[in-house]
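Notes follow once the structure below has been shown.
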There are 2 protein chains.
Amino acid sequence: MMEHDIFRALADPTRRAIFEKLANGGMNASALRQGMDISQPAMSQHLAVLRAARLVREQKEGRFVNYEVDPDGLALIAQWLAKYRAYWPARIDALKLLLKDMDQ
Amino acid sequence: MMEHDIFRALADPTRRAIFEKLANGGMNASALRQGMDISQPAMSQHLAVLRAARLVREQKEGRFVNYEVDPDGLALIAQWLAKYRAYWPARIDALKLLLKDMDQ
DNA sequence: GCCACACATAAGCACACACTTATGCGTTTC
DNA sequence: GAAACGCATAAGTGTGTGCTTATGTGTGGC
């Protein structure tokens with residue numbers, strides 16, 4: 001299940017931090033480790049999980065592997081969220097999220 | 001962390017199924033168990049996790065406890081998702097999710 | 001009052017998972 | 001070609017988590 005991979009991937013705080021870091025610009029695995037107190041294998045494993053969830057995608061450049069946010073994963077979350085738009089709180093003004101013509 | 005509770009809650013397929021079931025209408029814990037092959041304590045524990053994540057809220061009615069979708073949790077997911085709207089895929093036509101004036 | 005019921009909580013167990021160290025693989029550099 | 005580097009993978013370990021059975025708590029019906 002695809003949405004299962006996504007939610008499971010985001011359930012880990014370290015992976016969310018990695019994802020958030022990548023959202024500010026793609027970088028390679030070593031650069032991602034800066035200031036994160038995480039071993040190289042751990043980072044590699046986290047990136048593999050994020051990749052499987054399509055939240056992140058890789059772009060091999062020589063011996064470096066540049067990682068960046070994969071829009072596909074975000075789209076899947078949005079699709080999941082859209083299923084429950086009937087419950088989106090109209091009263092929360094700060095959240096002006098609108099959905100149009102999303103019927104299937 | 002609030003978003004941590006949410007993603008962790010949704011990482012479990014059984015809890016996602018419970019949530020989806022509640023999205024089709026609120027009901028009590030026993031009714032939720034119908035056709036789910038899950039023990040009463042397991043259901044109670046899952047509901048506690050969903051409640052802590054604000055994905056579900058309870059409404060006590062006598063000795064029954066009616067559960068229903070809590071919009072607050074969904075709003076928090078939407079807020080998390082909105083942080084990455086720069087990466088939302090414009091090319092995915094099926095997803096016509098629009099965000100307006102969401103700056104903080 | 002007493003039993004049946006709906007649900008929550010406690011305690012224990014098996015498994016998933018995030019980490020570690022060690023090693024392998026491919027690329028760049030000299 | 002050999003060493004250094006970036007990254008992936010293997011194998012092992014401790015902790016978290018979802019389940020179970022057993023029991024507790026509160027409500028309604030007789």
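Values below: all heavy atoms of this structure, side chains included; hydrogens, waters and symmetry mates excluded. We name chains A, B, ... by the order of the sequence lines, and we start the count at 1 in each one.
Side-chain nitrogen and oxygen atoms of B:Ser39 include none within less than 4.0 Å of the OP1 or OP2 phosphate oxygen of D:dC19. Of the side-chain N and O atoms in A:Thr14, one or more sit less than 4.0 angstrom from OP1 or OP2 of C:dC19. Phosphate contact (OP1/OP2 of D:dA8, side-chain N/O of A:Tyr67, threshold under 4.0 Å): present. Dashed line: the shortest gap from a side-chain N or O of A:Arg33 to OP1 or OP2 of D:dC7 is not under 4.0 Å. Between B:Ser30 and the phosphate of C:dC7, there is a side-chain N or O to OP1/OP2 separation shorter than 4.0 Å. For D:dG18, the OP1/OP2 oxygens have a side-chain nitrogen or oxygen of B:Arg8 closer than 4.0 Å.
Donor-acceptor pairing under 3.5 Å, judged by distance alone, is present between the side chain of B:Gln40 and the base of C:dA8.
Among the nucleotides C:dA6, D:dC7, C:dA8, the one closest to any side-chain atom of B:Arg51 is C:dA8.
B:Arg15 comes within contact range of the sugar-phosphate backbone alone, with a heavy-atom separation under 4.0 Å but no base atom that close.
By the 30° and 60° cut-offs, the orientation of the rings of A:Phe7 relative to A:Trp80 is perpendicular.
Residue whose closest nucleotide on DNA chain C sits further toward the 5' end, between A:Gly62 and A:Asp12: A:Asp12.
In this structure, A:Arg33 contributes its side chain and A:Ile38 its backbone to a donor-acceptor pair below 3.5 Å.
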